[in-house]
Amino acid sequence: MSLDGELDALAAQKDLPADLVWRLLRHPQARRTVALLRRDLTEAMIEEIIALGSVRSLSLNACVPADIRARLAEHPEPIVRCGIATSVADDPPGLLARLADDPDPSVRTFLAGNHHLPPELLVHLAADPDPGVRREIVHHWRDAPDRVRRALMNDPDPNVRTSSVRRWVPPADLLPALLAAPETRAAAVVHAGPSPEMAADADPAVRVAVADHPDLPANLRDRLAEDPDMFVRNAIAARPDTPPALGERIVATLNTDNPVAQWILTYRRNPNVGGDRTPPPAPPKLTRQQAEALLARADL
(Lines give C-alpha, C1' and ligand atoms only; values in the text may rest on other atoms or scores of the structure.)
Protein backbone atom coordinates (compact mmCIF):
# COMPACT_ATOMS: atom_id res chain seq x y z
CA MET A 1 0.00 0.00 0.00
CA SER A 2 1.25 3.49 -0.80
CA LEU A 3 1.97 6.03 1.91
CA ASP A 4 -1.15 7.99 0.94
CA GLY A 5 -3.18 4.77 1.14
CA GLU A 6 -1.81 3.99 4.61
CA LEU A 7 -2.71 7.48 5.82
CA ASP A 8 -6.18 7.12 4.33
CA ALA A 9 -6.68 3.83 6.18
CA LEU A 10 -5.43 5.39 9.42
CA ALA A 11 -7.93 8.25 9.00
CA ALA A 12 -10.78 5.72 9.11
CA GLN A 13 -9.42 3.76 12.08
CA LYS A 14 -11.77 3.73 15.07
CA ASP A 15 -10.69 5.01 18.49
CA LEU A 16 -7.85 7.05 17.03
CA PRO A 17 -6.53 9.58 19.59
CA ALA A 18 -7.67 13.12 18.87
CA ASP A 19 -4.14 14.51 18.56
CA LEU A 20 -3.43 12.05 15.74
CA VAL A 21 -6.67 13.01 13.98
CA TRP A 22 -5.55 16.61 14.11
CA ARG A 23 -2.26 15.73 12.44
CA LEU A 24 -4.10 13.86 9.68
CA LEU A 25 -5.99 17.03 8.82
CA ARG A 26 -2.80 18.36 7.27
CA HIS A 27 -2.92 15.65 4.56
CA PRO A 28 -5.56 16.43 1.87
CA GLN A 29 -6.76 12.87 1.16
CA ALA A 30 -6.63 11.77 4.80
CA ARG A 31 -8.51 14.94 5.74
CA ARG A 32 -11.29 14.11 3.28
CA THR A 33 -11.57 10.64 4.80
CA VAL A 34 -11.66 12.10 8.31
CA ALA A 35 -14.39 14.52 7.23
CA LEU A 36 -16.43 11.80 5.54
CA LEU A 37 -16.19 8.89 7.96
CA ARG A 38 -15.25 9.84 11.49
CA ARG A 39 -17.96 9.90 14.13
CA ASP A 40 -15.82 11.57 16.79
CA LEU A 41 -15.20 14.97 15.21
CA THR A 42 -15.12 17.86 17.66
CA GLU A 43 -16.50 21.28 16.81
CA ALA A 44 -12.95 22.61 16.50
CA MET A 45 -12.04 19.81 14.06
CA ILE A 46 -15.13 20.53 12.01
CA GLU A 47 -14.29 24.21 11.75
CA GLU A 48 -10.73 23.34 10.70
CA ILE A 49 -12.01 20.93 8.03
CA ILE A 50 -14.28 23.67 6.66
CA ALA A 51 -11.45 26.20 6.72
CA LEU A 52 -9.14 23.80 4.87
CA GLY A 53 -11.68 23.25 2.07
CA SER A 54 -13.01 19.72 2.68
CA VAL A 55 -16.59 20.80 3.26
CA ARG A 56 -17.91 18.59 0.44
CA SER A 57 -16.76 15.44 2.22
CA LEU A 58 -18.00 16.78 5.54
CA SER A 59 -21.48 17.33 4.11
CA LEU A 60 -21.85 13.56 3.57
CA ASN A 61 -21.03 12.68 7.18
CA ALA A 62 -24.35 11.92 8.88
CA CYS A 63 -22.72 12.10 12.33
CA VAL A 64 -21.94 15.82 12.11
CA PRO A 65 -23.98 17.79 14.70
CA ALA A 66 -27.36 19.08 13.57
CA ASP A 67 -26.42 22.75 13.88
CA ILE A 68 -23.47 22.25 11.53
CA ARG A 69 -25.60 20.34 9.02
CA ALA A 70 -28.24 23.08 9.11
CA ARG A 71 -25.51 25.61 8.44
CA LEU A 72 -24.16 23.61 5.51
CA ALA A 73 -27.67 23.36 4.09
CA GLU A 74 -27.27 27.09 3.34
CA HIS A 75 -23.87 26.66 1.69
CA PRO A 76 -23.51 28.49 -1.65
CA GLU A 77 -22.22 25.36 -3.44
CA PRO A 78 -25.08 23.08 -4.55
CA ILE A 79 -22.85 20.01 -4.22
CA VAL A 80 -22.50 20.68 -0.49
CA ARG A 81 -26.25 21.08 -0.11
CA CYS A 82 -26.66 17.80 -2.04
CA GLY A 83 -24.52 16.03 0.54
CA ILE A 84 -26.57 17.43 3.38
CA ALA A 85 -29.85 16.61 1.64
CA THR A 86 -29.07 12.88 1.47
CA SER A 87 -29.59 12.14 5.17
CA VAL A 88 -30.29 15.28 7.21
CA ALA A 89 -33.20 15.11 9.65
CA ASP A 90 -35.65 17.96 10.21
CA ASP A 91 -33.44 19.66 12.79
CA PRO A 92 -34.10 22.52 13.17
CA PRO A 93 -37.77 22.11 12.15
CA GLY A 94 -38.37 23.34 8.62
CA LEU A 95 -34.95 22.34 7.30
CA LEU A 96 -36.29 19.56 5.08
CA ALA A 97 -39.01 21.81 3.67
CA ARG A 98 -36.39 24.42 2.85
CA LEU A 99 -34.30 21.85 1.00
CA ALA A 100 -37.40 20.61 -0.83
CA ASP A 101 -37.66 24.09 -2.36
CA ASP A 102 -33.94 24.48 -3.06
CA PRO A 103 -33.43 26.36 -6.34
CA ASP A 104 -31.02 23.69 -7.61
CA PRO A 105 -32.78 20.52 -8.86
CA SER A 106 -29.77 18.35 -7.99
CA VAL A 107 -30.30 19.17 -4.31
CA ARG A 108 -33.97 18.20 -4.52
CA THR A 109 -32.99 15.01 -6.37
CA PHE A 110 -30.67 13.95 -3.55
CA LEU A 111 -33.30 14.92 -0.99
CA ALA A 112 -35.82 12.59 -2.65
CA GLY A 113 -33.84 9.62 -1.31
CA ASN A 114 -33.70 10.92 2.27
CA HIS A 115 -35.46 8.42 4.57
CA HIS A 116 -36.40 11.20 7.01
CA LEU A 117 -38.87 12.79 4.59
CA PRO A 118 -42.45 12.97 5.89
CA PRO A 119 -45.30 12.03 3.53
CA GLU A 120 -46.23 15.62 2.79
CA LEU A 121 -42.75 16.39 1.44
CA LEU A 122 -42.69 13.17 -0.58
CA VAL A 123 -45.96 14.29 -2.18
CA HIS A 124 -44.45 17.72 -2.77
CA LEU A 125 -41.38 16.25 -4.50
CA ALA A 126 -43.50 13.82 -6.52
CA ALA A 127 -44.90 16.93 -8.24
CA ASP A 128 -41.52 18.66 -8.59
CA PRO A 129 -41.04 20.55 -11.86
CA ASP A 130 -37.84 18.61 -12.57
CA PRO A 131 -38.41 15.08 -13.96
CA GLY A 132 -35.19 13.83 -12.36
CA VAL A 133 -36.61 14.59 -8.92
CA ARG A 134 -39.85 12.80 -9.76
CA ARG A 135 -37.91 9.74 -10.98
CA GLU A 136 -36.04 9.63 -7.66
CA ILE A 137 -39.33 9.68 -5.78
CA VAL A 138 -40.49 6.71 -7.86
CA HIS A 139 -37.28 4.88 -7.02
CA HIS A 140 -37.42 5.50 -3.27
CA TRP A 141 -41.12 5.72 -2.31
CA ARG A 142 -42.23 2.10 -2.48
CA ASP A 143 -45.53 2.62 -0.62
CA ALA A 144 -46.66 5.79 -2.38
CA PRO A 145 -50.45 6.21 -2.24
CA ASP A 146 -52.58 5.40 -5.25
CA ARG A 147 -53.17 9.01 -6.26
CA VAL A 148 -49.42 9.67 -6.40
CA ARG A 149 -48.80 6.48 -8.39
CA ARG A 150 -51.51 7.43 -10.86
CA ALA A 151 -50.08 10.90 -11.31
CA LEU A 152 -46.59 9.53 -11.96
CA MET A 153 -47.87 6.88 -14.39
CA ASN A 154 -49.50 9.75 -16.29
CA ASP A 155 -46.42 11.97 -15.96
CA PRO A 156 -45.53 14.16 -18.96
CA ASP A 157 -41.99 12.74 -18.91
CA PRO A 158 -41.78 9.27 -20.55
CA ASN A 159 -38.92 8.19 -18.31
CA VAL A 160 -40.96 8.96 -15.19
CA ARG A 161 -43.91 7.01 -16.61
CA THR A 162 -41.69 4.03 -17.47
CA SER A 163 -40.00 4.05 -14.04
CA SER A 164 -43.41 4.17 -12.37
CA VAL A 165 -44.70 1.18 -14.34
CA ARG A 166 -41.58 -0.80 -13.45
CA ARG A 167 -41.95 0.15 -9.79
CA TRP A 168 -45.65 -0.39 -9.15
CA VAL A 169 -48.51 -2.50 -10.50
CA PRO A 170 -50.61 -0.17 -12.65
CA PRO A 171 -54.33 0.16 -11.90
CA ALA A 172 -56.37 -1.89 -14.35
CA ASP A 173 -57.90 1.17 -15.96
CA LEU A 174 -54.45 2.60 -16.83
CA LEU A 175 -52.94 -0.58 -18.22
CA PRO A 176 -54.40 -0.38 -21.77
CA ALA A 177 -52.98 3.10 -22.32
CA LEU A 178 -49.59 2.07 -20.89
CA LEU A 179 -49.48 -0.92 -23.23
CA ALA A 180 -50.49 1.24 -26.18
CA ALA A 181 -47.80 3.88 -25.61
CA PRO A 182 -44.41 3.02 -27.20
CA GLU A 183 -42.52 4.54 -24.25
CA THR A 184 -44.16 2.36 -21.59
CA ARG A 185 -45.15 -0.77 -23.49
CA ALA A 186 -42.07 -2.82 -22.60
CA ALA A 187 -42.39 -1.95 -18.91
CA ALA A 188 -46.11 -2.72 -18.90
CA VAL A 189 -45.85 -6.16 -20.53
CA VAL A 190 -45.17 -7.91 -17.22
CA HIS A 191 -48.52 -6.67 -15.91
CA ALA A 192 -50.45 -8.18 -18.84
CA GLY A 193 -50.77 -11.66 -20.25
CA PRO A 194 -48.24 -12.29 -23.06
CA SER A 195 -49.86 -12.34 -26.49
CA PRO A 196 -48.79 -13.18 -30.05
CA GLU A 197 -49.13 -9.49 -30.91
CA MET A 198 -46.65 -8.53 -28.19
CA ALA A 199 -44.28 -11.30 -29.25
CA ALA A 200 -44.28 -9.76 -32.74
CA ASP A 201 -43.89 -6.16 -31.60
CA ALA A 202 -41.50 -4.04 -33.67
CA ASP A 203 -39.64 -2.97 -30.53
CA PRO A 204 -37.09 -5.61 -29.41
CA ALA A 205 -37.40 -4.34 -25.82
CA VAL A 206 -41.06 -5.36 -25.84
CA ARG A 207 -40.18 -8.80 -27.17
CA VAL A 208 -37.50 -9.17 -24.46
CA ALA A 209 -40.16 -8.31 -21.88
CA VAL A 210 -42.45 -10.95 -23.36
CA ALA A 211 -39.59 -13.47 -23.30
CA ASP A 212 -39.13 -12.69 -19.60
CA HIS A 213 -42.82 -13.01 -18.71
CA PRO A 214 -43.39 -15.60 -15.97
CA ASP A 215 -46.52 -16.89 -17.72
CA LEU A 216 -45.02 -17.24 -21.18
CA PRO A 217 -46.68 -20.18 -22.97
CA ALA A 218 -44.51 -22.76 -24.73
CA ASN A 219 -45.66 -21.79 -28.21
CA LEU A 220 -44.54 -18.18 -27.76
CA ARG A 221 -41.33 -19.33 -26.07
CA ASP A 222 -40.47 -21.43 -29.10
CA ARG A 223 -41.38 -18.60 -31.45
CA LEU A 224 -39.16 -16.10 -29.61
CA ALA A 225 -36.32 -18.64 -29.57
CA GLU A 226 -36.08 -17.90 -33.32
CA ASP A 227 -36.30 -14.10 -32.92
CA PRO A 228 -33.89 -12.08 -35.11
CA ASP A 229 -32.73 -10.08 -32.06
CA MET A 230 -30.03 -11.91 -30.07
CA PHE A 231 -31.09 -10.29 -26.79
CA VAL A 232 -34.60 -11.69 -27.22
CA ARG A 233 -33.20 -15.14 -27.93
CA ASN A 234 -30.86 -14.79 -24.98
CA ALA A 235 -33.81 -14.00 -22.69
CA ILE A 236 -35.39 -17.28 -23.76
CA ALA A 237 -32.13 -19.14 -23.13
CA ALA A 238 -31.99 -17.62 -19.62
CA ARG A 239 -35.46 -18.88 -18.65
CA PRO A 240 -35.43 -21.70 -16.08
CA ASP A 241 -38.26 -23.47 -17.93
CA THR A 242 -36.49 -23.52 -21.31
CA PRO A 243 -35.55 -27.11 -22.22
CA PRO A 244 -31.75 -27.58 -22.00
CA ALA A 245 -31.46 -28.66 -25.63
CA LEU A 246 -33.27 -25.54 -26.81
CA GLY A 247 -31.16 -23.34 -24.55
CA GLU A 248 -27.95 -24.83 -25.92
CA ARG A 249 -29.14 -24.35 -29.48
CA ILE A 250 -29.94 -20.68 -28.78
CA VAL A 251 -26.58 -20.01 -27.12
CA ALA A 252 -24.82 -21.38 -30.19
CA THR A 253 -26.44 -18.56 -32.22
CA LEU A 254 -25.32 -15.75 -29.90
CA ASN A 255 -22.21 -14.65 -31.73
CA THR A 256 -20.94 -11.09 -31.41
CA ASP A 257 -17.58 -9.37 -31.73
CA ASN A 258 -18.65 -6.74 -29.21
CA PRO A 259 -17.11 -7.72 -25.82
CA VAL A 260 -19.57 -5.58 -23.85
CA ALA A 261 -22.56 -7.16 -25.59
CA GLN A 262 -21.04 -10.59 -25.04
CA TRP A 263 -20.62 -9.89 -21.34
CA ILE A 264 -24.24 -8.69 -21.07
CA LEU A 265 -25.50 -11.82 -22.80
CA THR A 266 -23.44 -14.10 -20.59
CA TYR A 267 -24.32 -12.25 -17.40
CA ARG A 268 -28.02 -12.46 -18.21
CA ARG A 269 -27.80 -16.25 -18.33
CA ASN A 270 -25.32 -16.51 -15.44
CA PRO A 271 -25.73 -13.65 -12.92
CA ASN A 272 -22.73 -14.86 -10.91
CA VAL A 273 -20.36 -14.51 -13.85
CA GLY A 274 -18.72 -11.50 -12.19
CA GLY A 275 -16.89 -13.80 -9.77
CA ASP A 276 -16.16 -13.28 -6.11
CA ARG A 277 -17.25 -9.83 -4.93
CA THR A 278 -16.09 -10.24 -1.34
CA PRO A 279 -14.57 -6.93 -0.22
CA PRO A 280 -10.89 -6.97 0.65
CA PRO A 281 -10.06 -7.37 4.36
CA ALA A 282 -9.77 -4.20 6.42
CA PRO A 283 -6.20 -3.03 7.00
CA PRO A 284 -4.76 -3.99 10.40
CA LYS A 285 -5.35 -1.58 13.25
CA LEU A 286 -2.22 0.39 14.06
CA THR A 287 -0.98 0.93 17.58
CA ARG A 288 -0.24 4.50 18.65
CA GLN A 289 3.46 3.89 18.14
CA GLN A 290 2.87 2.56 14.62
CA ALA A 291 0.53 5.45 13.81
CA GLU A 292 3.05 8.03 15.00
CA ALA A 293 5.78 6.38 12.92
CA LEU A 294 3.52 6.54 9.85
CA LEU A 295 2.72 10.20 10.44
CA ALA A 296 6.41 10.96 10.88
CA ARG A 297 7.17 9.28 7.53
CA ALA A 298 4.60 11.64 5.96
CA ASP A 299 6.09 14.62 7.78
CA LEU A 300 2.78 15.25 9.56
Side-chain angles (χ1 to χ4, degrees), residues 1-2 4-5 106 109-110 113 130-136 138-140 153 155-170 175 178-281:
M1 186 185 296
S2 67
D4 285 351
S106 63
T109 299
F110 276 88
D130 187 272
V133 178
R134 302 196 300 274
R135 284 198 301 271
E136 282 300 301
V138 171
H139 179 70
H140 291 285
M153 288 182 192
D155 195 274
D157 184 89
N159 292 321
V160 175
R161 295 199 302 275
T162 300
S163 298
S164 301
V165 176
R166 294 191 188 280
R167 182 64 163 168
W168 302 303
V169 177
L175 187 55
L178 294 169
L179 286 168
E183 303 92 344
T184 54
R185 185 180 299 127
V189 163
V190 71
H191 305 296
S195 67
E197 292 76 20
M198 291 178 185
D201 196 276
D203 185 352
V206 174
R207 304 198 304 276
V208 168
V210 175
D212 283 335
H213 201 287
D215 298 325
L216 184 68
N219 65 315
L220 290 185
R221 180 198 66 204
D222 295 345
R223 174 175 169 179
L224 291 170
E226 307 296 333
D227 195 274
D229 187 277
M230 64 180 177
F231 290 99
V232 177
R233 300 197 305 277
N234 193 61
I236 295 296
R239 291 184 64 90
D241 58 357
T242 294
L246 176 59
E248 291 172 9
R249 180 165 63 80
I250 293 171
V251 171
T253 71
L254 303 176
N255 300 315
T256 174
D257 294 328
N258 185 325
V260 175
Q262 187 60 55
W263 184 89
I264 293 171
L265 291 167
T266 305
Y267 181 82
R268 180 67 194 280
R269 299 191 309 273
N270 305 282
N272 296 321
V273 74
D276 185 11
R277 299 184 182 183
T278 304

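Worth saying up front: this structure is predicted, and the values here are computed from it rather than measured. What you see below is based on every heavy atom in this structure, not just the backbone, and it leaves out hydrogens, waters and symmetry mates.
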Taking every non-hydrogen atom, the tightest pair across [X] and [Y]:
{"X": "I250", "Y": "A225", "result": "CD1-CB, 3.7 Å"}
{"X": "V232", "Y": "A211", "result": "O-CB, 4.1 Å"}
{"X": "R207", "Y": "A202", "result": "NH1-O, 3.5 Å"}

Which distance, rounded to the nearest 0.5 Å, do you find between the [atom1] of [X] and the [atom2] of [Y]?
{"X": "N234", "Y": "L224", "atom1": "CG", "atom2": "CG", "result": "13.0 Å"}
{"X": "Q262", "Y": "L254", "atom1": "CD", "atom2": "CG", "result": "7.5 Å"}
{"X": "I236", "Y": "R223", "atom1": "CD1", "atom2": "CZ", "result": "11.5 Å"}
{"X": "E226", "Y": "R233", "atom1": "CD", "atom2": "CZ", "result": "8.5 Å"}
{"X": "T184", "Y": "R166", "atom1": "OG1", "atom2": "CZ", "result": "10.0 Å"}

- Item | Given R134, E136, M153, the one that forms side-chain contact (heavy atoms from CB on, under 4.5 Å) with V160 |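 Per the side-chain contact (heavy atoms from CB on, under 4.5 Å) rule, the option paired with V160 is R134, out of R134, E136, M153.
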- Query: M230 versus T253: any side-chain heavy-atom pair under 4.5 Å?
  - Reply: no
- Message: Taking the side chain as everything from C-beta on, heavy atoms only, tell me whether V208 gets closer than 4.5 Å to R268.
- Response: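 In short, these two side chains touch, coming nearer than 4.5 Å.
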- Task: Tell me, with the steps shown, if D241 and R221 meet salt bridge (charged side-chain N to carboxylate O under 4.0 Å, His left out).
- Result: CA-CA 10 Å; D241 58 357; R221 180 198 66 204; 5.3 Å; no
Could you tell me whether a side-chain N or O of [X] sits under 3.5 Å from a main-chain N or O of [Y], the two making a donor and an acceptor?
{"X": "R161", "Y": "D155", "result": "yes"}
{"X": "R167", "Y": "V138", "result": "yes"}
{"X": "H139", "Y": "S163", "result": "no"}

- Query: In terms of side-chain geometry, is the basic nitrogen of D203 or R185 positioned less than 4.0 Å from the acidic oxygen of its partner?
  - Reply: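 Looking at D203 and R185, the cut-off is not met.
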- Message: Please determine whether side-chain contact (heavy atoms from CB on, under 4.5 Å) holds for the pair D157 and R135, giving the CA-CA distance in whole Å, both sets of side-chain angles, and the decisive distance to 0.1 Å.
- Response: CA-CA 9 Å; D157 184 89; R135 284 198 301 271; 3.7 Å; yes
